[in-house]
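Here the structure is laid out as structure tokens; the discussion comes afterwards.
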Amino acid sequence: MHAVNTIGTTILGYPRIGPARELKRALESYWSGKTTEEDLLTAGRQLREQTWTTLRDQGLDSIPSSTFSLYDQVLDTAALFGALPDRFTRLGLSPLDTYFAAARGIPDAPALEMTKWFDTNYHYLVPELGPNSRFALTGTAPIDEVREAKALGITPRPVLVGPVTFLLLAKPTEPGFTPLELLDELLPAYAELLGKLADEGVEWVQLDEPAFAADRTTPEFNALTRAYHWLAKEIHRPKLLAAGYFGGLGRALGVLARSPIEAIAVDLVTDESFVDKIAAEGALRDKEVLAGVVDGRNVWRTDPDVALAHAAQLRDTAAHVSISTSCSLLHVPYDVNAETDLAPRLKNWLAFAKQKVDEVVLLGRALSGETADLTPARAAAADRAGAAELNDANVRARVNALRPVDTVRAPYAERAAAQQQSLNLPPLPTTTIGSFPQTSEVRRARAAHRAGKLDDTAYRTAMRTEIDRVVRLQEDLGLDVLVHGEPERNDMVQYFAEQLTGFAATALGWVQSYGSRCVRPPILFGDVSRPRPMAVEWAQYAQSRTDRPVKGMLTGPVTILAWSFVRDDQPLADTARQVALAVRDEVADLEAAGIRIIQVDEPALRELLPLHAADREAYFDWAVPAFRLATSGVAETTQIHTHMCYSEFGDVLPAIDALDADVTSIEAARSKMEVLADLNEAGFGRGVGPGVYDIHSPRVPDQTEMTDLVRTALGAVPAERLWINPDCGLKTRGYAEVEPALRHLVGAARELRAEPR
């Protein structure tokens, strides 16, 4: 199918959790002590072998390896090159348990920070590097995987995080230090690995450099130049493929084109105009170009004519053009054919990972002039484009009737005074973010109700029983503002999507968020409206069980979009306004039901931020008004909260302020309150709840640690505006961890209230 020594049809990566979330179960079983290290490693090996043989049987020319991970590929890179912090390596644990300690933390060693992988909902572990950091090839995982694959008759293409992206993603451990200064220390370790892979008979190695889809400085481009000239000059190495994705490579394209590497992978989906820039770049004539024309992040079938036109446009520019995905398929589910409940017409418009591999192979054949039946793909694209029923005239009329006043509330100072008079909260009020641990009984009740084995009355009784328990627990703990615990919710986006028009939910469409945490993003295919209240019943019931205020818990419009597979046939801003109106209706009904505090979570505000600064104003122009549209229809006495977690917030601080929420809770425990200085510098003057408890780790911080964090926060935020809360919801934790942690949280608040100000 392809020229000698070319990569040919391929993908940049594949899902790794297993079609039935086998990895999640294996990890959690190991962490709980139910299975051994060998059991876990065997499960991982079986998943890798299943992936490789499936991809081989589907007809890919080149099969990637090292795209599997027991937790995270950036953490894998740090471990591979001996770059884990001393607080983990000095514990005397096995290599595997040292790795998990860095990912999850243990009592004496807080976990590495975790943040979003560029503009996706995948979370990576942030390396910690300082001027004394040294690198050495201490791991063998990429080599071991090559040997596993070769035992199956497959010589794979190992995939590594590129050296420059790895350093750009790292956090400096000392002020004034830049991890990129360590490049010359890191490159020999990469070169050693490349040599060992060549010894194994590996022909190609893929080095991922997605950091260059964002704005970069001249020193950073110079580092990219130095890295790829240095690595390419190594005589004993495989051929090198540098992969850029999540957008156009910009100046990095020329840098890589002028380097001695053999191939470049480009994303032609995120930025379709990038194909014109590549075609104008004459330096690619000695390179193989992987044309990323199959979308690795969304689930719609590829229009074959558009894809082939983009790929063909590069033929006069490159030595060889092959078909690939725009990025790793890590971000989509495994197999749409496993979905038995999706409407047949909608299902025919979709392609999950397995189908996208088929698309790559089919398009590769067509591009090379072989027989390829494109008729079904063309028919699906035409059918979707002509589906007029996706547009709801009433929804569109309501959007068109919006006025500027619909996104405006009274000034914050007036609202704050009215809310304090109404709520009468103490200084440093304590609360949680929303969800409480979901017991096996709760999950069984939800599953039985969904399967029709538990009727509505029995289901409602089960949920109310759990709400009663959670409310009593919060009162016993001494929290000031309560939540109902969200026992009825499978996921903070899916729960609402299942009750809105224009959405479809999957049964097995799992995607990894981090570690063993998986989500099922709904599919937003048509116009959105809210036929009936979605969360009012549960919040109203919880409020009836206590004299303390209960927060109504909703997910904001930007996050609903970010954590769904969204229609691509209209501007995202139009879809956002539709979702915002649906949330606005729910906010109004919560207020009418007597809920005086309503939290509308927007953890994905930073996630959807365009990677290029030039595109950000246009994003804020619709994202901020969407939140304000959802929350501005309430009285001054109703307090609006929002929540954000696990992102680098510096680029969105003005937008956080512009949201005009009365209280913003934000992840801050792992970063030791670093975000507060940035908020102050941006002039943020509303209520803020920096997290003092990292819920993504099983570690339970003691009261002294939380008190110290709150004291740090009080150095940046006056007590009258400071709230005390965990970093995020408690759904993924167990009560054995949550109860003592929350007691320490409440104790820290009480201790500090008693101190003179």
Side-chain angles (χ1 to χ4, degrees), residues 114-124 214 246-247 270 297-299 330-332 433-435 489-497 500 503 511-514 517-524 528 553-568 571-580 582-583 599-611 615-616 618-631 640-659 661 664-668 675 691 695-696 727-729 731-732:
M114 186 163 61
T115 194
K116 297 296 179 69
W117 178 245
F118 298 95
D119 56 351
T120 76
N121 189 34
Y122 176 77
H123 304 62
Y124 75 93
F246 300 148
T270 306
R297 292 181 58 178
N298 212 335
V299 294
L330 172 71
H331 309 287
V332 296
I433 301 305
S435 61
R489 301 187 190 181
N490 42 23
D491 174 82
M492 65 182 290
V493 171
Q494 183 183 346
Y495 172 77
F496 294 105
L500 296 169
F503 281 89
V511 175
Q512 185 182 29
S513 179
Y514 64 88
R517 172 71 171 151
C518 305
V519 295
R520 276 186 296 156
I523 299 165
L524 198 170
V528 177
M553 305 300 306
L554 304 175
T555 304
V558 175
T559 298
I560 288 176
L561 295 188
W563 295 355
S564 301
F565 295 119
V566 180
R567 64 189 300 182
D568 57 2
L572 204 55
D574 293 348
T575 307
R577 282 187 280 271
Q578 294 180 5
V579 176
V583 177
Q599 183 171 306
V600 181
D601 291 341
E602 284 292 20
L605 180 69
R606 171 63 179 82
E607 180 180 313
L608 281 189
L609 185 74
L611 298 179
D615 302 324
R616 291 174 181 175
Y619 165 65
F620 291 140
D621 282 347
W622 66 260
V624 170
F627 178 87
R628 294 181 64 147
L629 176 61
T631 57
I640 296 294
H641 289 224
T642 192
H643 171 67
M644 299 175 187
C645 60
Y646 290 91
S647 288
E648 298 294 334
F649 296 108
D651 293 328
V652 295
L653 290 177
I656 294 174
D657 189 42
L659 294 178
T664 299
S665 56
I666 197 165
E667 177 273 324
V675 68
I695 66 88
H696 290 84
D727 271 343
C728 200
K731 176 182 176 181
T732 60

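The model shown is predicted, which means the values in this text are computed figures rather than measured ones.
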For this session: On the 0 to 90° scale, with breaks at 30° and 60°, tag the F246-F118 ring pair as parallel, tilted or perpendicular.
Result: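 Rings of F246 and F118: tilted, 30 to 60°.
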
For this session: Might you work through the side chain to side chain contact (heavy atoms under 4.5 Å, CB included) test for I560 and F503, ending with a clear yes or no?
Result: CA-CA 11 Å; I560 288 176; F503 281 89; 3.7 Å; yes

Under 3.5 Å donor-acceptor, [X] side chain and [Y] backbone:
| X | Y | value |
| --- | --- | --- |
| R616 | P610 | yes |
| R628 | A658 | yes |
| E602 | V558 | yes |

For this session: Mind running side chain to side chain contact (heavy atoms under 4.5 Å, CB included) on L554 and D601 for me, showing each step along the way?
Result: CA-CA 6 Å; L554 304 175; D601 291 341; over 6 Å; no

Which distance, rounded to the nearest 0.5 Å, do you find between the [atom1] of [X] and the [atom2] of [Y]?
| X | Y | atom1 | atom2 | result |
| --- | --- | --- | --- | --- |
| M492 | H643 | CE | NE2 | 7.5 Å |
| T575 | W622 | OG1 | CH2 | 8.5 Å |
| N121 | Y514 | CG | OH | 10.5 Å |
| R297 | L330 | CZ | CG | 11.0 Å |
| I640 | T664 | CD1 | OG1 | 11.0 Å |
| S564 | N298 | OG | CG | 10.0 Å |

Between [Y] and [X], is there a side-chain heavy-atom distance shorter than 4.5 Å?
| X | Y | answer |
| --- | --- | --- |
| R489 | K731 | no |
| P522 | F496 | no |
| I433 | Q599 | yes |
| V652 | M644 | no |

Where do [X] and [Y] come nearest, in terms of heavy atoms and distance?
| X | Y | result |
| --- | --- | --- |
| H331 | W117 | CE1-CD1, 4.1 Å |
| P557 | V579 | CA-CG1, 3.7 Å |
| V519 | D491 | CG1-OD1, 3.8 Å |
| G729 | I695 | O-CD1, 3.1 Å |
| A604 | A562 | CB-CB, 3.4 Å |
| V600 | V583 | CG1-CG1, 4.3 Å |

For this session: With side chain to side chain contact (heavy atoms under 4.5 Å, CB included) as the test, would you mind laying out the steps for T631 and F627 before giving the verdict?
Result: CA-CA 6 Å; T631 57; F627 178 87; 3.7 Å; yes

Exercise. Do D119 and K116 meet the salt-bridge criterion of a basic N to acidic O distance under 4.0 Å?
Worked result: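 The answer is no: the pair does not qualify as a salt bridge.
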
Problem set entry | Worked check of side chain to side chain contact (heavy atoms under 4.5 Å, CB included) between C728 and H696 | CA-CA 8 Å; C728 200; H696 290 84; 4.0 Å; yes

